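A short write-up of the structure that comes next.
We use all heavy atoms of the structure for the numbers below, so side chains are in, but hydrogens, waters and symmetry mates are not. Chain naming here is simple, since letters A, B, ... match the order of the sequence lines and numbering starts at 1 in each. Bear in mind that the values here come from a model prediction, so they are computed numbers and not experimental data.
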2 protein chains.
Amino acid sequence: MRTIEVCLTPELIHQHSLKGKTVVVVDVFRATSCIVTGLANEVEAIRPVGEVEETKELGKKGYLMAGERGGIKVPEFDMGNSPFEYQSEAVKGKKVAISTTNGSQAIIKSADADEIIIGSFLNLESVSSYLLQSKSNVVIHCAGWKGTPNLEDTLFAGALIDECAEEIDPTGDSALVAHQLYIGNHENLLGIAKQSSHAERLAGFGIEEDLEFCMKENEYQVVPKLVGEELISV
Amino acid sequence: MRTIEVCLTPELIHQHSLKGKTVVVVDVFRATSCIVTGLANEVEAIRPVGEVEETKELGKKGYLMAGERGGIKVPEFDMGNSPFEYQSEAVKGKKVAISTTNGSQAIIKSADADEIIIGSFLNLESVSSYLLQSKSNVVIHCAGWKGTPNLEDTLFAGALIDECAEEIDPTGDSALVAHQLYIGNHENLLGIAKQSSHAERLAGFGIEEDLEFCMKENEYQVVPKLVGEELISV
């Protein structure tokens, strides 16, 4: 039986062998929710970058510059890190370079994997279908918050494990913890996610609508995949 | 309100400020269960050490040598890492030097704390009473397994948070995850713990009785505390 592991934070990713595996990167609040929303709304491609300066260089080459530091839009950028910004007409057909506190970093630290795809509650079922049709073992790489595990990404990991459980075996205790967290809270996902530290921080910025949107399941049918240096819809 | 944090593995302990705080070290399978059992059964003191060689040096000074590597007793040692060994007449009044894969390391990496105490299901209520009567903020330091988070220590963290919840505020998402894990599984602690990777490894050594004993709640009324370099009952 194939296996599905969970890495609760990028600081522990060295404990997982990624070679030959499919890595699902998740940063529910809000990077991977933005990426899924963008590619579902006809953004041509999204390029994850680590540093603000690198984003600005890509801006000179025609990319829209997107991202935040500490939850706040970088002043010179075209866009911040709200999924609603990725629904606008202005982004259709464009390429976006995105640099965020946690999500971009997790994508970059997954480089050893055979393939990297992007998960969020918004495309949960599309990701599980993709994994079920694949033949690879899977690692769910939770972006967490500044190196610490977080509630909402762990909850997503549990949800994805649950969707795949009949055919892919949860392996390692982090996977069991995530799965049990989901089983105990699947009828109250938004309620429990609102208790997270990250939700409390973001609520301070007045963006509770973002949080509610990011917790919607199966809003979109796309699977963003890293091809070269860009995420595109497959 | 005072705070209680959870560190899911010693590899993440640098994310927690320990100064001025009480750290509760837990390694359910089996180091901290052994320490609690020993001090409840009249072992005079238990000295956690990192390396096998250091344990042997203490052996020359009259300590009983105890511990394992990878779940197996170190051949030259007097004792392995089973709580039942700590109930024998042979250990009464003696000092024990203990070196284990995970538990000893977590104790040593908690050195910045104001005080270090030892938790396990066997002394859950005694630890919670101790914390409730104290005035410090708390970090529960889970020993995990070779640097990875594990199910049984996370479950204990959730149980301890639950005991203290009216007076000490779970802080940070690892604490919320641990608490939710416990809430969802508190009626089936042994059942869920037996699903853990560590339980599966240990079952391979034919020591299921150890596992069942380690999951018993409130078997003993002791709180081991590190004083100088030794754990004693307070």
Taking atom types as modelled, which donor-acceptor pairs link chain B and chain A at under 3.5 angstrom?
{"from": "Glu11(B)", "atom 1": "OE1", "to": "His14(A)", "atom 2": "NE2", "distance (Å)": "2.8"}
{"from": "Glu11(B)", "atom 1": "OE2", "to": "Gln15(A)", "atom 2": "NE2", "distance (Å)": "3.4"}
{"from": "His14(B)", "atom 1": "NE2", "to": "Glu11(A)", "atom 2": "OE1", "distance (Å)": "2.8"}
{"from": "Gln15(B)", "atom 1": "NE2", "to": "Glu11(A)", "atom 2": "OE2", "distance (Å)": "3.4"}
{"from": "Gln15(B)", "atom 1": "NE2", "to": "Gly147(A)", "atom 2": "O", "distance (Å)": "2.6"}
{"from": "Gly147(B)", "atom 1": "O", "to": "Gln15(A)", "atom 2": "NE2", "distance (Å)": "2.6"}
{"from": "Leu151(B)", "atom 1": "N", "to": "Asp173(A)", "atom 2": "OD2", "distance (Å)": "2.7"}
{"from": "Asp173(B)", "atom 1": "OD1", "to": "Ser197(A)", "atom 2": "N", "distance (Å)": "2.7"}
{"from": "Asp173(B)", "atom 1": "OD1", "to": "Ser197(A)", "atom 2": "OG", "distance (Å)": "2.6"}
{"from": "Asp173(B)", "atom 1": "OD2", "to": "Leu151(A)", "atom 2": "N", "distance (Å)": "2.7"}
{"from": "Gln180(B)", "atom 1": "OE1", "to": "Asn185(A)", "atom 2": "ND2", "distance (Å)": "3.4"}
{"from": "Asn185(B)", "atom 1": "ND2", "to": "Gln180(A)", "atom 2": "OE1", "distance (Å)": "3.4"}
{"from": "Ser197(B)", "atom 1": "N", "to": "Asp173(A)", "atom 2": "OD1", "distance (Å)": "2.7"}
{"from": "Ser197(B)", "atom 1": "OG", "to": "Asp173(A)", "atom 2": "OD1", "distance (Å)": "2.6"}

**Request:** Identify which of Leu12(B), Leu8(B), Leu155(B) forms the greatest number of heavy-atom pairs closer than 4.5 Å to chain A.
**Result:**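 The option with the most such pairs is Leu12(B).
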
**Prompt:** With chain B, which of Gly147(A), Gly144(A), Cys7(A) has the greatest number of heavy-atom pairs at distances under 4.5 Å?
**Reply:**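 Option with the greatest count: Gly147(A).
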
